[in-house]
Amino acid sequence: MKKEAKILLDRIDKGLSESDAWDQAAEREMEQFKNESFDRVWRVIGNRFDWEKVYKVMKVVDWHWQDFGVPSVTTIQKEVYKMAKNAWEKKENWASGGFSIGWEGDTFYIDFSLETAILECGDI
């Protein structure tokens, strides 16, 4: 029997409902995910991101970063790595240079955006 199944059955035997046992197992798995080495997470999420496309867009719109002008792909990756590592470790959301990085529930994300409009209900 797999270790996870045994843990689940043990929790049920101790009086937890099956639903509560599953919830505890999911919470434990999520905590393990959040505690993973950031470098491992970076390899996965960094490979899913099209850095070259971001660079090309920045070049076309002449998007300058302070101290960098239009940043190179390597510079973009290095700066986003720093922000992402902080967001990951502090469980916070960060935004700078067109990038939004952080947590939405249990999902960690990196987003690059050219234009965003937000309207708070109190603004109406």
Side-chain angles (χ1 to χ4, degrees):
M1 178 182 300
K2 287 187 173 182
K3 182 179 178 182
E4 294 83 9
K6 183 175 180 346
I7 291 170
L8 188 64
L9 290 174
D10 287 346
R11 289 179 180 164
I12 292 170
D13 286 344
K14 290 179 181 173
L16 286 176
S17 70
E18 185 174 349
S19 175
D20 287 343
W22 277 109
D23 287 346
Q24 279 189 3
E27 285 175 20
R28 182 172 171 238
E29 186 175 314
M30 192 61 219
E31 278 307 307
Q32 287 175 338
F33 172 73
K34 286 182 179 178
N35 291 328
E36 286 285 335
S37 157
F38 178 74
D39 287 334
R40 179 175 175 209
V41 171
W42 179 253
R43 283 192 303 274
V44 173
I45 201 165
N47 286 331
R48 293 181 182 176
F49 202 86
D50 191 340
W51 302 103
E52 188 67 33
K53 185 187 292 182
V54 170
Y55 168 74
K56 287 177 184 177
V57 168
M58 290 178 118
K59 189 84 170 156
V60 166
V61 299
D62 199 30
W63 188 320
H64 288 245
W65 278 0
Q66 183 179 7
D67 302 329
F68 295 113
V70 176
S72 67
V73 171
T74 302
T75 299
I76 294 168
Q77 289 172 318
K78 285 179 181 178
E79 294 303 308
V80 171
Y81 174 89
K82 290 180 210 174
M83 287 190 296
K85 185 169 183 168
N86 278 321
W88 179 268
E89 290 175 350
K90 296 177 181 178
K91 312 294 189 263
E92 296 177 343
N93 295 339
W94 290 63
S96 181
F99 285 90
S100 298
I101 303 164
W103 294 92
E104 190 169 302
D106 292 338
T107 302
F108 187 72
Y109 66 88
I110 297 175
D111 179 63
F112 177 74
S113 178
L114 290 173
E115 185 73 31
T116 302
I118 300 173
L119 179 65
E120 301 268 339
C121 292
D123 293 340
I124 299 174

- Item | Distance in Å, T75 OG1 paired with W51 CH2, rounded so as to fall on 0.5 Å steps |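 Answer rounded to 0.5 Å: 12.0 Å.
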
- Item | By salt bridge (Lys or Arg N to Asp or Glu O under 4.0 Å) - contacts of E89 (at least two apart) |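 Expected list: K85.
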
- Task: Report the residues that fulfil salt bridge (Lys or Arg N to Asp or Glu O under 4.0 Å) with K82, sequence neighbours left out, ordered by chain and then residue number.
- Result: E79

Of all residues at least two apart in sequence or in a different chain, which pass the side-chain hydrogen bond (donor to acceptor under 3.5 Å, both in side chains) check with [X]?
X: T74; value: none
X: S96; value: none
X: D50; value: none

- What orientation do F108 and F38 show, parallel under 30°, tilted 30 to 60°, or perpendicular over 60°?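 F108 and F38: perpendicular rings.
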
Non-neighbouring partners of [X] that pass side chain to side chain contact (heavy atoms under 4.5 Å, CB included), sequence neighbours left out:
X: R48; result: V44
X: E92; result: K90, W94
X: K56; result: E52

Ignoring hydrogens, what is the shortest heavy-atom contact between [X] and [Y]? Give both atom names and the distance.
X: A84; Y: I110; answer: CB-CD1, 4.4 Å
X: N93; Y: G102; answer: OD1-CA, 3.2 Å
X: M58; Y: I76; answer: SD-CD1, 3.7 Å

- Item | For F112, ring pair (Phe, Tyr, Trp, His ring centres under 6.0 Å) partners two or more places apart |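 W63, F99.
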
- Item | For Y109, ring pair (Phe, Tyr, Trp, His ring centres under 6.0 Å) partners two or more places apart | none

- Item | Option among W42, W103, Y81 that satisfies the ring-ring contact (aromatic ring centres under 6.0 Å, His included) test with W88 |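 Of the listed options, the one satisfying the test is W103.
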
